Amino acid sequence: MEKDSAMNFKQELTAVFGKPVAENPTQPMIEAAYRHHRLAWRYLTIEVDPAHLADAVRGARAMGFAGFNCTIPHKVAVIQHLDGLGKSAELMGAVNCVVRRGEKLIGENTDGKGFVAALSSRMDPKGRRMVMFGAGGAARAIGVEVGLAGVSHITVVNRNEMRGTELAGLLESRLNLPVDFVQWDRTYRVPANTDILVNATSIGLYPDVRAQLDIDFGTIAPTMLVADVIPNPPRTHLVTTAAERGCTVIDGLEMLVNQGVIGIKYWTGVDANATVMREALLRIFE
Ligand code: NDP
């Protein structure tokens, strides 16, 4: 019998390192794409204690991982174990996607790139004015990435003043972007000249699905694009209300799927099918 030259039991490896990580749904989303594109690749969900992060990265190198995602609590700590950073990861000071390029492990950040991919499919970000609620990790990633994509002005609205002014300062100093900070201590009225409105807080995340942003919803105009980072449930109060008011909306699930698409492109070079990935996540969230 002729030897089957296609026989190969060695799969290419990717993963997410985090702690806790058991409830992270990235594996089923990414592996749905691997199956769809007939890639002999695996994506493992690996719990890594902070004390073992250096060994885990060394292990990934030794075993030739094509790359891995980093989630809480490793997004900043992983940087010292890498060989270089992409531009936005360097600006944010946080990495959520490590990519092997030749012998080097390079840190990228796809949190904000997923958002910009969703935004750019609806409008050119260049010259737009954005209002963003929140100043945590998601807000930082979105702020940096929309700044690189050419928005002309950002208003950061946040409850905690220190965190808000720190993010505003970073965007101003590193991206040369005009930024206002507004402390969120009363019902926020959205300025009429706003083009893009983003919730980058955790308000509305499961299980607190009824939570609402403290906004005068009457000030949201149909010309505004409204986006929410909350992936579960995707139809948040903000998304539903904005859609009812005639706005173009982007939900957090799209942003999450886009991040996966970007990660797969980095690791495999393949343009993954976003619909297959979104359906895999919807099955889990439902
Ligand atoms: P952080 O803990 O870093 O930041 C949370 C932010 O939410 C802070 O600005 C905080 O304000 C604000 N916030 C929380 N609760 C309230 C409240 N009741 N009223 C006003 N502000 C509030 O979290 P992350 O930035 O990492 O994540 C935020 C959300 O983004 C999460 O729900 C996460 O699921 C989602 N996310 C989605 C992604 C996607 O791809 N769809 C990617 C990454 C994150 P303060 O500073 O005043 O405390």
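Numbers here simply count residues along the sequence, with the first being 1. Whatever order the structure lists them in is the order used to number ligands and atoms, beginning at 1. Side-chain atoms are counted along with the backbone in the values below, which use heavy atoms only and exclude waters and symmetry mates. Just so it is clear, the structure is predicted and the values come from calculations on it, not from any experiment.
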Minimum-distance pair of heavy atoms, taken over all atoms of G143 and L175: O-CD1, 4.1 Å

Contact list for residues 155-168, test salt bridge (charged side-chain N to carboxylate O under 4.0 Å, His left out), sequence neighbours left out: R140-E166

Pocket residues of ligand 1, ordered first by chain and then by residue number (heavy-atom cut-off under 4.0 Å): D111, G134, A135, G136, G137, A138, N158, R159, N160, R163, W184, A200, T201, S202, I203, L205, V229, I230, P231, G252, M255, L256, Q259

Side-chain donor-acceptor contact under 3.5 Å, N158 with Q183: no

Electrostatic pair D83:R61 at N-O distance under 4.0 angstrom: yes

All pairs passing ring pair (Phe, Tyr, Trp, His ring centres under 6.0 Å) where residues 129-161 contributes a residue, at least two apart: F133-W184, F133-Y188

Within residues 121-135 or reaching into it, pairs that qualify as salt bridge (charged side-chain N to carboxylate O under 4.0 Å, His left out) - sequence neighbours excluded: R122-E254

